[in-house]
Amino acid sequence: MELSILIFLPAIAAAVILLLPQRLEQQARWVALVTAAAMFVLSVQMFFQFDRDAGGYQFVERHRWVDIGAFNLQYLVGVDGLSLPLVVLTTCLTLASVLVSFSVTHRPRAYFACLLVLASSVVGVFVSLDLMLFFLFWELELFPMYLLISIWGSGRKEYSATKFVLYTIAGSAFMLIGILVLAFDAQTFDIERLAAAEFQDTLLPLGWVFFLLFIGFAVKLPIVPLHTWLPDAHSDAPTAVSVMLAGVLLKMGGYGIIRLCVTLMPEVAHDWDAWMAGIGAFSVLYGGFITLRQTDVKRLIAYSSVSHMGLVLLGIGALGSTGLTGATYQMLAHGLITGLMFVMIGLMYERTHTREIARLGGLARQMPLIATGMVFAGMASLGLPALAGFIAEVTVFLGAFQRFEWAVLASIVGVVLSAGYILWMLQRVMFGPVRHEWDELSDQRHWWEHTVVAGLAALVVLLGVYPALIMDVIEPAMTTLAARLQA
Amino acid sequence: MLFLAAEPSAAATPTIDQAVLWAIMACPLVAWGLIALYLRKVPVLAGYAAILGIGAAMALSYATLFNVIDADGGIAQYTHEWFTAGELAVPIGVRVDGLTAVMLVVVTTVAFLVQVYSTGYMHGDPGYGRYFAHMCLFTTSMLGLVLADNLFQMFVFWELVGLCSYLLIGFWFHKPSAAAAAKKAFIVTRIGDLGLLAALLLIWTRAGTFDVTQIQEWAASGEVKSTVVTLFALGLFAGAAGKSAQFPLHVWLPDAMEGPTPVSALIHAATMVAAGVYLVARFFPVFEASSDAADVVAWIGAITALLAATIALVQTDLKRVLAYSTVSQLGYMMLSLGALGYVAAMFHLFTHAFFKALLFLGSGSVNHATNTFDMRKMGGLRKHMPVTYWTFVIGSLSLAGIFPLAGFWSKDEILLDAWRHDRALWAIGAAVAFMTAFYMFRAIFLTFHGSYKGGEPVDHHDPDNHFHGDPAHPHESPWSMKAPLLVLAVPSIAAGWFAYDHMFKDFIEAALPHAAHHGSTFELGIAISSTVIALAGIGTAYALYIQRWADPASIRATFAPLAIVFERKYFLDDLYETVFVRNIFYRGWCRLLETVDRRVVDGAVNGTGRLGRAVSAQLRTIQVGEVQSYGIGVAAGVVVIFLAVILANPL
Amino acid sequence: MMDGFGPSLAFWVLAAITLVAAGGVMVSRNLLHAVLFLILTFVGVAGFFVLLSADFIAMAQVIIYVGAIAVLVLFAVLLTPRSSRDNSETRWAAPGILLAVCLAAIFLFVVHDTAWRTVDAAPANLSAASLGRALLSTWVVPFEIASVLLTAALVGAIMLTRSPEEEAEDALA
Amino acid sequence: MNGIDVLGPQISVLLAAGVVIIADSLFPAQRRILPFVALAGLIAAALWTTSWVSRGDYQTVFHGTIALDRYAVFFQYVFAGVTATVVLASIDWVNREGRRQGEYYALLLTVCAGLMFLAGARDLITIFIALELSSIPQYILAGWGKDTKSSEAGLKYLLLGAVASSLLLYGMALLYGVTGSTLLPDIAAAIETNGESYRGLLVVAMTLLIAGFGFKMAVVPFQMWVPDVYQGAPTPVAAFLSVGSKAAAFAVAVRVFFEALGADFLSDDWSMIFAVIAAVSMTLGNLMAIAQPDIKRMLGYSSIAQAGNFLVGLAAISVTGEEFTLGASGILLFVAAYAFTNLGAFVAVIAISQKINSDKIADYAGMWKVSPFLALGLAFCLVSLTGIPPTVGFWAKLYIFNAAVRADLVWLVVVGVLNSVVSAYYYLGVVRVMFLGQPGTEQRFRASPSIAVALTATAAGVLVFGIVPAPLMSAARDAVEIFAR
Amino acid sequence: MTPGLEHFLTVGALLFCLGLAISLSKRNAIGVLMGVELMLNAVNLTLIAFSRFTVSPNPIAGHTFVVFILTVAAAEAAVALALAVAVYRNRETVDVDRLNLLRS
């Protein structure tokens, strides 16, 4: 029941918001806030209710949905150690997104409704245990994203929104084929049963099926060379959307690779492991190098996401319990850190209305709190120990090093690159001589701004110093998976 | 959870409670938290909180030290599980032994004194609270690094001290040079940290442990392939080289002088930069097991020592002289470690911490009076600031290695080890010793002797300038600054006396698994020769800068090419920054990739879109609007379909 | 009935008339001539029907095609001014004709490639009576549909050809 | 069961047509009532159909020429619904046009009756005549508008339609010649017994049938009339064309190809042909739609691409068992989905175009501000056409692709999904213009009640079946079960 | 030589293709219509020939078919001419190659 509430509560709230009368328009944010908070509380409660020792899926709900002969779909949701943390991440970042959007006054009803629908669909992706349900939610997320970017965005927002949607649709088109082929062979869309199925004689060679699914997820992750939608989407999206996009939407890709590609087709995963690790390492480096050249703060962070998400793939490619756990942890860590980063950039942008690094400078003097937050986020982003990113990165490296020494050695160079671009950005934006054109600007001052920044920062620290809290949830699931992979 | 009882690992262990060890870290951390959250805007309290927190840590450190001494340098280790990720199990724990105890004491003592000093030095700075917060965080991290019982944890704190170093170098972030220096420090040390990270990965995959003791035993067991040990050792050393500013990664340390002077004293002279030495010492058996790695360490150390000393000869900035001196001395320590002089290196680290901190604080005091570090604008300060002068001289003498000051004993041991290991190393060491004595006294003579040249005028329009004296009339610093100088003068003189009866040696060697004899501590010939060399250096400086037997400028002109090389720091900064980073890397490689990304990768995407529209526009022209063409389409369809069927599947 | 010289001669003559007339439709530059050729073709086809013992259909062919359609077309042609009676080809003629030739080749090929099982004697029940019965039993629905279709076409044609003045009048009413 | 009962739906529709004409001429002042008479007829037809369904009285009547089965029933519902929506959507246009109103509705109803006949036709003659009954009034309707473009569209449509139906007829004639019968089951039986020896002829006949039906389906290369006619014809008529005649063509094609030409040595051929045509149609249709500035023409091209999607289902029919059911029911599902979706889109276009007097997509800029209801409805339908959840279009595509995968036509699915991406580009382009563009006028306007009802009904269908697709799917599946062997 | 089924079919096919050629090539709408009528005639001829020659349980079907085709042809012609008139009224031409208001 909890999962259904998580999925449908925001959807219902979105409907409520849309039905608000015009004069209560500005109250939409409160409805959204209450909803997001309720979701967060509920998911956290689930997180602690979750039985860490029992394997398999928990909180499972199963209903028949479409039952037409061979076309047999279920409403089947549940969480395990992989998806539960991601669900919590989603609700957490939804809350953060709602809070950072508190100052949105342009068509607030539609805005918050979109945001909630987005949350609903992302949660749906993470908890669906039926392939078709999964795909449905996967596609559903496009609407709100498209509208959010194209209406409330900036710059070339229409271009970016369209690019985002087309890219995702293209990826999911491939994914759909893979899903259909798999489901045809196993005669079911149930992920658990698919995982148990032995695929023989599929319509397509299983490797192709893997590849088809992989493409869909790689677009989302994103993996070089399928990444160019990300910088555009990020740079033109409003803050909250960047938070959601970097924070949870990219994770859908990594989640999909683990949940579908690797779990359902372990043999193929074995054949392709070196490729995955190699592409992951390549993404890390490539993203890092290109990030160094970015002159727009948001684009910079977007490219850094490309680099960081490469690590996820590297960890997955290791196909071991450590690598997979690290990959999952990296998704969480990156979600929080980049979320925080975009919040900070958003706060800054709200005041300066520019993201051009060249136009900024010395802001730490005018807005010390924002600068502090930015430095904190930057440090987390470059993988500073005691913050979440470090644990994730090192776990990935340790997990993958046994099998792919060179890939790991190559990608640890990314650690230096990330220090390079983050510090360069901080130096240019926050430090240096004061620019008096920004003298009028205020520091962060609203309670929601404080709450978001402090909350996310606290979580980043918590994940950095007490990883066991989450690792203990992720690990059993990944160990089981790894055992299956070794078999 | 952290304080759950754990089995101590060694039998003859110190009885110190692990809570004390954790508390050593916790005290400054609490102070940090208090300052960061509540006392940022209350400068006085912030300073006191920092002093209190670090003072408490210092007290506990001394307690620990005496406890370890009581246990004859035995090892106490308390390990817990931090987290597990699949096969990976990461421990968290504390380990205390002679090495740790010495480091604890050095770190907390210097830190404490520097905090006291800072209350005077940083007085009136708008970032006063922030300063102390960073200092507390640094102390915590440094203590954590020292106390760590495993490489992973060490790495964590290793990076954290790097962060604090970054924050403190860039403390005056509005100065572009400070911001750039901070960034440079972080990135350059991170390059070294790659090696450390690789070592971390290697040790986990090959030895399956991060534990210090186990790694030492693993290396000492001799069952491991030597390349693995060598690679591991080199990885560690790469990290150490970054932190300890060894060639070719030394370039960040001189720039780090952009930070407040107390910071330079604490972080960039006494503690953090010594962490590299500490790391190598911590894993000394690994280097013992790999002579190749040891040689690399020794020679890198020697090169660094020589390089930095030569550059220090020509510096005009007091702090930079000290900075290069630090680099040079760190090279000395590395040289010693590479020459398998474990004890000597640690001993030098120990003594160096005090006198170098003293020198830095002294230079800060000078700056406090003159608003500058440029020695060409000073002179004659001896009269105005006697305490500063005399403590500075003590520090310099100690650094130069004059009997019986602290530096003499430790430097002497290093030269002895070098002599025994490789004469070439000794020769370099001796040359460096000469240069050290020379440039230190050159600095003293330029700064404190002669006539005062007026200092740097205060720019009152600069909101960041909190200088509140009058550079035209230099005065002695307040007691908050003088007291630490005086206190530090004591160990600068006396710290070397621990060499008596192998006291330090035995104590610190107990930290190693197989207590071998790592060199004796004294040999008269070496001692005399080094003293002579040092005196020669002082004499030369006296001759040139006091007696003016020769004009330094003309000497410089004579050796112009060499002087330029020194002054331009062997062109290394230019090579790195301009040639490599900016041109080859940034404007070449990254730009190439970015262009590829924009034009090719993204271009393919946009190109597909454009192609689609173009194809669409072309295709639509077949809709000419004439009905016959449409009918022809139909008829052609029939023909084509029929032919296709027949061809595919003949009758 | 097919045996013998008479039917053969009739066939060849009819074939000649029909195809030549059809070719005449093709080559006529004047629409009026084309209509006349068209009528000739219809007549030829009617002749074939007779030859194929489909007397009723032949009659219907003459009545409907010649009597109705052709006359309709003729009127339409005559009602348009002389300038619109041009019957030349468009620029698509060459490919169109080429395709038609291809199609003809295909048709002829399959027709002649097939081993037809034919009956020599005409089937017994091809009379107008049995046609009537079939129309009113098996194909009564199409029969009814056809009536609706004609009505609809009639209504539609009338509506389409009403002049704007009538329209206006109608709209006012 | 007597004939009246069997043909009840068609008769009630035709009766309504008659009543409309007569009422129009007798009571010209009461014209407002005409569409409701037409609707009454359609509702009566639907109710009549429902009464069969409730009786479960499925059978073949009139000597096998008309089948009264679930399949026919399914399509009768679709056609009644489509016609009703078009009638609703036409009211404004017809009122504005102000002329020959009764005849317009009567012709619409006639087409509807023709389509309904087609749904049950099981005999070549009946098929032909029913096809013509639905076509000829459509030619007239296409030329119904006052402007030259409309006449031109009508004439073009007719001339091409005539050529196409001649081809179809020739194919039918050959089929008859080979098998000696016009009844589909008899044809199938004859082909089973000695069809192999007539293969060449059968292939020709089959090709000609494909051409004939393909013309109505509007698939490449028989599609070229589509954009011109859609653009020129009055928009309600274009809406009707795009859904009604296309659906009917597929209805009859499934029946003919499955029931008559299902023999193994033929079905391989035609399923391959359909697969290729499907791929080409999707690709060309979508590509041509990309740069299309006129929304009606754009919808025309898109309908070509959609026809390609339908054909995927036809290609996926292999003649035995479960897979057949999936492919064929996929077509039916797609027909229903497409009916909702495309009609919805057209209804919105009708309303908007009338207000702004333009069919240019660029002129739809800022429609969201001018008329949120219409913009939202249109956007939603376009999303459904793209095949993104939660719309019925998503399920239709999914189902039909699923069928294709099961028929081992993965390559076709690849083409299909890639085309979905292309189609997303231009469908969403319209959405983008409507939602993000700056409106030329701030003058807000409301949709008329009839349009509102029509759009609400279709959009609700798109949404409801987008969330709960099961009923529609099972209906489609039951409908094709009669073919299962 | 006795004319058999093939002969009639040949004539039918040729007539059909002539009709097709005409309808595909003629500029005048009425010309095109004539081509269509020729095609329909060819179909009729084919059907009648089949009725006459082939073995069939129900040979009258061909004849019936022809009747319907005749009907439809008439209806089609009527509508076509009506549309042509409508076009002519607006454009003063029935040349289909000038009917190109609707394109690309």
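Being a predicted model, the structure only gives us computed values, none of them experimental.
Note on ring orientation: taking the six-membered ring where Trp is involved, the planes of E/F50 and C/W116 are tilted (angle from 30° to 60°).
Smallest separation of non-hydrogen atoms from C/A157 and E/A78: CB-O, 4.1 Å. The two residues C/A100 and E/L20 have their closest heavy-atom pair at CA-CD2, 4.3 Å. Heavy atoms only, all atoms of each residue included: E/E6 and C/T114 are closest at OE2-O, 4.4 Å. E/A82 approaches C/L160 most closely through the heavy-atom pair CB-CB, 4.1 Å.
In this structure, the portion of C/S127 lying under 4.5 Å from any heavy atom of chain E is its backbone and not its side chain. For C/F37, no part sits under 4.5 Å from any heavy atom of chain E, backbone or side chain. Residue C/I64 touches chain E through its side chain alone, counting heavy-atom pairs closer than 4.5 Å. For a residue to count as touching a neighbouring chain, one of its non-hydrogen atoms must lie under 4.5 Å from one of that chain's; by this rule C/I69 touches chain E with the side chain only. Both the backbone and the side chain of C/L19 come within less than 4.5 Å of a heavy atom in chain E. Of the two parts of C/A76, the backbone and the side chain both hold a non-hydrogen atom closer than 4.5 Å to a non-hydrogen atom of chain E. Contact of C/T41 with chain E is made through the side chain alone, with heavy-atom distances under 4.5 Å. Heavy atoms closer than 4.5 Å to chain E are found in both the backbone and the side chain of C/V35. Within the 4.5 angstrom heavy-atom criterion, atoms from both the backbone and the side chain of E/V55 approach chain C. In this structure, no portion of E/A84 lies under 4.5 Å from any heavy atom of chain C. Interface residue E/E37: backbone and side-chain heavy atoms are both found under 4.5 Å from chain C.
Between chain E and the options C/L135, C/I158, C/T138, C/L154, heavy-atom pairs under 4.5 Å are most frequent for C/L135. Options C/L72, C/L103, C/V77 differ in how many heavy-atom pairs under 4.5 Å they form with chain E, and the most are formed by C/L72. In terms of heavy-atom pairs under 4.5 Å with chain C, the best-connected choice from E/V85, E/L15, E/N58 is E/L15. Among C/L108, C/L149, C/T18, the residue making the largest number of heavy-atom pairs under 4.5 Å with chain E is C/L108. Considering only heavy-atom pairs separated by less than 4.5 Å from chain C, the leading option among E/G31, E/A61, E/G35 is E/A61. For the set C/S147, C/P142, C/S28, C/A70, the entry with the most heavy-atom pairs within less than 4.5 Å of chain E is C/P142. For chain C, the option among E/L70, E/V66, E/T54 with the highest count of heavy-atom pairs below 4.5 Å is E/L70. Of the residues considered (E/L14, E/V79, E/N41), E/N41 shows the highest number of contacts with chain C, using heavy-atom pairs under 4.5 Å. The candidate from C/F42, C/F143, C/W139 with the greatest count of non-hydrogen atom pairs under 4.5 Å with chain E is C/W139. Listed options C/L14, C/V101, C/V25, C/L9 were ranked by heavy-atom pairs under 4.5 angstrom with chain E; first place goes to C/V25.
The side-chain heavy atoms of E/S25 and C/W92, taken from C-beta on, include no pair separated by under 4.5 Å. The side-chain heavy atoms of E/L40 and C/Y65, taken from C-beta on, include a pair separated by under 4.5 Å. Within the 4.5 Å cutoff, the side chain of E/V67 has heavy atoms near those of the C/I57 side chain. In this structure, C/T161 and E/L83 have side chains that are not in contact, with every pair of non-hydrogen atoms separated by 4.5 Å or more.
Taking the six-membered ring wherever Trp is involved, the centroid distance between the rings of E/H63 and C/F56 does not fall below 6.0 Å.
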Could you walk me through whether C/F11 and E/V11 pass the side chain to side chain contact (heavy atoms under 4.5 Å, CB included) test, one step at a time?
CA-CA 10 Å; C/F11 173 83; E/V11 174; 3.7 Å; yes
Going through the distances and angles, do C/H112 and E/L9 end up as a side chain to side chain contact (heavy atoms under 4.5 Å, CB included)?
CA-CA 9 Å; C/H112 290 276; E/L9 290 184; over 6 Å; no
Margin query: Between E/L45 and C/F49, is the side chain to side chain contact (heavy atoms under 4.5 Å, CB included) condition met? List the steps.
Written below: CA-CA 7 Å; E/L45 178 55; C/F49 291 167; 4.2 Å; yes
Next on the checklist: Using side chain to side chain donor-acceptor pair (under 3.5 Å), reason through E/R27 and C/T90 one step at a time and then give a plain yes or no.
Outcome noted: CA-CA 5 Å; E/R27 170 185 303 249; C/T90 64; over 6 Å; no
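Taking a cutoff of 4.0 Å between a charged side-chain nitrogen and a carboxylate oxygen, E/K26 and C/E89 qualify as a salt bridge.
Looking at E/R52, its side chain never comes within 3.5 Å of a backbone N or O of C/A54 through a donor-acceptor pair.
We find the CZ-OG1 distance between C/R133 and E/T64 to be 11.5 Å, quoted to the nearest 0.5 Å. Taken from CD1 in E/I48 to CG in C/L52, the straight-line distance is 7.0 Å, to the nearest 0.5 Å. Taken from CZ in C/R117 to CG in E/L5, the straight-line distance is 12.0 Å, to the nearest 0.5 Å. Annotation: the span from C/N30 atom CG to E/N28 atom CG amounts to 10.0 Å, rounded to 0.5 Å. Separation of atoms CD1 (E/I22) and CD1 (C/I97) is listed at 9.5 Å; rounding is to 0.5 Å.
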